[in-house]
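Okay, here's the structure, questions in a sec.
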Amino acid sequence: MAVRPRHCTGSATMRLAQLVGQRIKEAPRDAQTASHIYLLRGGYCRPLSTGIYTLLPLGFRVASKVEAIIREEMNRVDGQEILMPVVQPAELWEESGRYQAVGQELLRFRDRNDKPMVLAMTHEEAVCHLARTELSSYKQLPCMVYQLQTKYRDEARPRAGLIRVREFTMKDGYSFHTSEACLQAYYERVHEAYARIFRRVGMRDCISIESDSGMIGGAVSHEFMAVADCGEDTIFVSPDGRYKANRECAISRPAYVTAAPEPLEKVATPGATSIEAVATLLGITPAQTGKAVFYRDAQGALVFVCIRGDIEVNESKLRKVLQSPQLTFANDAEIQAAGAVAGYASLLAIDATAVRVVVDPSFAASSNLVVGANEADFHMKGFNYERDLTAAQRAAITVTDIATVREGDPCPLSGEPLRLLRGIEVGNIFQLGTKYSAAMGVNYLDQDGKAKPMIMGCYGIGVGRTVAAVIEQNHDDYGPIWPMAIAPFHVHICALNIRDEAVRTAAEGLYRDLQAAGLEVLLDDRSEKAGFMFNDADLIGVPLRLVLSPKTLAEGKAEFKIRGQAEKSMLDLAEVVPFLKAQVAAALAE
RNA sequence: CGGGGCGUAGCGCAGUCUGGCCAGCGCGUCUGGCUUGGGACCAGAAGGUCGCGAGUUCGAAUCUCGCCGCCCCGACCA
């Protein structure tokens, strides 16, 4: 096992009677997902406040093993481990612009001298400060530093145990380069390292998908998604697996209905202010209508959006188009002030040179849509974007994809229907470029003697979330079924009737011998009923179980069972140690 | 931030509408006995500012007002 500079998994052995963290029979009512239930019931973690958890010995051991694997893989791609502060001066965040840009999830406070401080939710600012101090020459690049450190995000809604928390441990890495090509090549190496990490920790189904880079910024980014029904993210995947994307940025290749333009015609649609009502009234489908949506951007300016009636606006895409971190629906008064009639608004009557207008291709390319007449109780039939707007109008309008993809929409690559999955975001990687280095003066002197901003990448993994995701993908009705690589122990010994001298002697002997053989052993040395002990063993979920009882010892044997499998077998006492050692080695080698 | 729900022993809950009886039940914990292959049984015990604070009342877990915390859905989310 690798050396663990900061965390260690503690002793290789543990007696259940002494283990801190009771198993509990009934899960707290608020625990609803498998990982939340089993982490609490199995004595892996305990809540301290909303979204803030103590890791108990079992949970800490699992998390430490995940961290050890992460360290190995980060070191393998030439990462250098460091540790940066969680408490940081606000002025550092003002430099990057995020003190203002980030919302309330950044916890702000003042120290005793009334100096504004923050609890770091990520460490781009801190690492930039480090880089501009320590890295000054192209000869030092490229390089990557990473840390396993606490992050704090004042989440609006923590949920599902360790899946979405406020305080958590994250591996975050940052790389520095002198060229985009170098960053891209390194990004690929990290991508591969991530795939190895999630495979090694025992994730069954973890995919990397294209993602929206959100508040971190940057051009190219991927999210590693553990596929699980309880996941918070919606993912679209093509049947051939070539296209995988988060709903926030997923695109499709929709077919637009085109036909010979029909004349514009005003039709009465009394009271029909919704797409559904208009379609019903006129006997058409929502796809034959055009929808008008009004937003207010971060500066408070009105934005007019048009899209085909059956398609939802994707606000992530729209935010990106508008370069506006916040968007809210405009109210009726604001819509009226722009000269539009709510419920019957139309591009036909809006001055696109005066109001920001964004149009989805589904609206611009479809023929003969029914759109608002910009007059209460009337719509227009036969709207055709090219024909019915002046060139000046069209020149002022942004036509770009702002559509929300739906399950079954055609894949942009193959045209096959896209499949919808739910995922837990366990890791993400970004090509940041110079977003932070330019803002914060992170420069190096190049060969030509000129100062240039470093080109950066950043790479995160949520440790606790990964632990939870592994349980979501590896459990049965009794508890978790840990992959050997991150199991809290390798072997769980149940000593039935421990007061029997022969049982005690044999159990203590095996406990000692297995430990000497390099295995991590949990010994249930309590004087409990067999069923009680078996249920606790299942709830803890250690991969290998050994049972010793007067019955097995009478034959000079111990019973062996693999967690998650029904078969049991009997082992001669003499072969237990080599057999289990081989089992563990084989499982770890997978 | 919007909608809904909840707060009584470590966990799960009853009691609250309709104020008054010793604040109860199951699990867990402790002691003793008995039992020992899939969550046994018997006897005894510890454990509570009934979320907090005001108020009404002779009397409040219960009624009133304010506050706090927690969960779910939505919004939001490196």
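Chain letters run A, B, ... following the sequence lines, proteins first, then strands; residues in each count from 1.
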Using a heavy-atom cut-off of 4.0 Å across all strands, would you classify A:Asp500 as base, sugar-phosphate, or nothing? nothing

Rounded to whole angstroms, how far apart are NZ on A:Lys529 and P on B:rC41? 9 Å

Have a look at A:Lys151 and tell me which of A:Leu119, A:Asp172, A:Thr169 forms a side-chain contact (heavy atoms from CB on, under 4.5 Å) with it. A:Asp172

Quick one: is the NZ or CZ of A:Arg108 closer than 6.0 Å to the six-membered ring centre of A:Tyr99, and within 45° of its axis? yes

Could you tell me how far apart A:Arg247 (CZ) and B:rC77 (P) are, to the nearest whole angstrom? 13 Å

Interatomic distance at P, B:rG48 relative to B:rC11, whole Å: 14 Å

Watson-Crick or G-U wobble partner for B:rC1, using a 3.5 Å limit on both distances? B:rG74

Relative to the 5' end of RNA chain B, which residue comes earlier, A:Arg164 or A:Arg23, by the nucleotide with the nearest heavy atom? A:Arg23

Determine the contact category for A:Arg545: base if any of its heavy atoms lies under 4.0 Å from a base atom, sugar-phosphate if only primed atoms, P, OP1 or OP2 are that close, otherwise nothing. base

Might you point out which heavy atoms bring A:Leu496 and A:Pro550 nearest each other, and give the distance in Å? O-CD, 3.8 Å

Answer with base, sugar-phosphate or nothing: what part of the nucleic acid does A:Glu528 contact at a heavy-atom distance below 4.0 Å? base

Using atom P of each nucleotide, how far apart are B:rG28 and B:rC41 to the nearest Å? 9 Å

Mutual orientation of the aromatic rings belonging to A:Phe560 and A:Phe579 [parallel < 30°, tilted 30-60°, perpendicular > 60°]: perpendicular

Over-ring placement of A:Arg545 relative to A:Phe534, 6.0 Å and 45° cut-offs: yes

Please state the C1' separation for the pair B:rC67 and B:rC72 - nearest whole angstrom. 23 Å

Tell me the partner of B:rA14, counting only Watson-Crick (N1-N3 plus N6-O4 or O6-N4) or G-U wobble (N1-O2 and O6-N3) with both under 3.5 Å; none if nothing fits. none

Considering only the P atoms, how many Å lie between B:rG15 and B:rG7, rounded to the nearest integer? 10 Å

Is A:Phe168 touching bases, backbone alone, or none of the nucleic acid, heavy atoms closer than 4.0 Å? base

Donor-acceptor pair under 3.5 Å, A:Asp538 side chain vs B:rG38 base: yes

Measure CE/A:Met533 against P/B:rG39 and give the value in whole Å, please. 14 Å

Rounded to whole angstrom units, what separation is found between the CD atom of A:Glu248 and the P atom of B:rC76? 10 Å

Base-pairing assignment for B:rG32 (Watson-Crick or G-U wobble, both under 3.5 Å): B:rC42

Using 0.5 Å steps for rounding, measure from the CD atom of A:Glu508 to the CD1 atom of A:Ile498. 6.5 Å

For atom NZ of A:Lys551 and atom C1' of B:rG38, their distance in whole Å: 12 Å

Distance-only, no hydrogens or angles: does the A:Arg465 side chain make a donor-acceptor pair with backbone N or O of A:Leu162 under 3.5 Å? no

Determine the interatomic distance between C1' on B:rG69 and the same-named atom on B:rG26; round to the nearest Å. 26 Å

Could you tell me how far B:rU8 sits from B:rU16 if I compare only their C1' atoms? Round to whole Å. 11 Å

Interatomic distance, A:Arg526 CZ vs B:rG28 P [rounded to whole Å]: 12 Å

Base versus backbone protein contacts along nucleotides 70-75 of chain B [heavy-atom cut-off under 4.0 Å; B, S, -]: SSSBBB

Using the C1' atom on both, measure B:rC77 against B:rG38 and round to a whole Å. 44 Å

How far does the P atom of B:rC6 sit from the matching atom of B:rU64, given to the nearest Å? 15 Å

G-U wobble or Watson-Crick pairing nucleotide for B:rG59 (cut-off 3.5 Å, both distances): none

Rounded to whole Å, how long is the line connecting atom CZ of A:Arg41 with atom P of B:rG39? 14 Å

Return the value, rounded to whole Å, for the distance between atom CD of A:Glu105 and atom C1' of B:rC77. 6 Å

In the strands shown, is B:rG66 matched to any nucleotide by a Watson-Crick or G-U wobble pair with both distances under 3.5 Å, and which? B:rC52

So A:Leu496, base contact, sugar-phosphate only, or nothing? Heavy-atom distance under 4.0 Å. base

Below 30° counts as parallel, above 60° as perpendicular, anything between as tilted: where do the rings of A:His191 and A:His222 land? perpendicular

Taking all atoms of both residues into account, what is the closest heavy-atom pair of A:Arg166 and A:Ser49, and its distance? NH2-OG, 3.4 Å

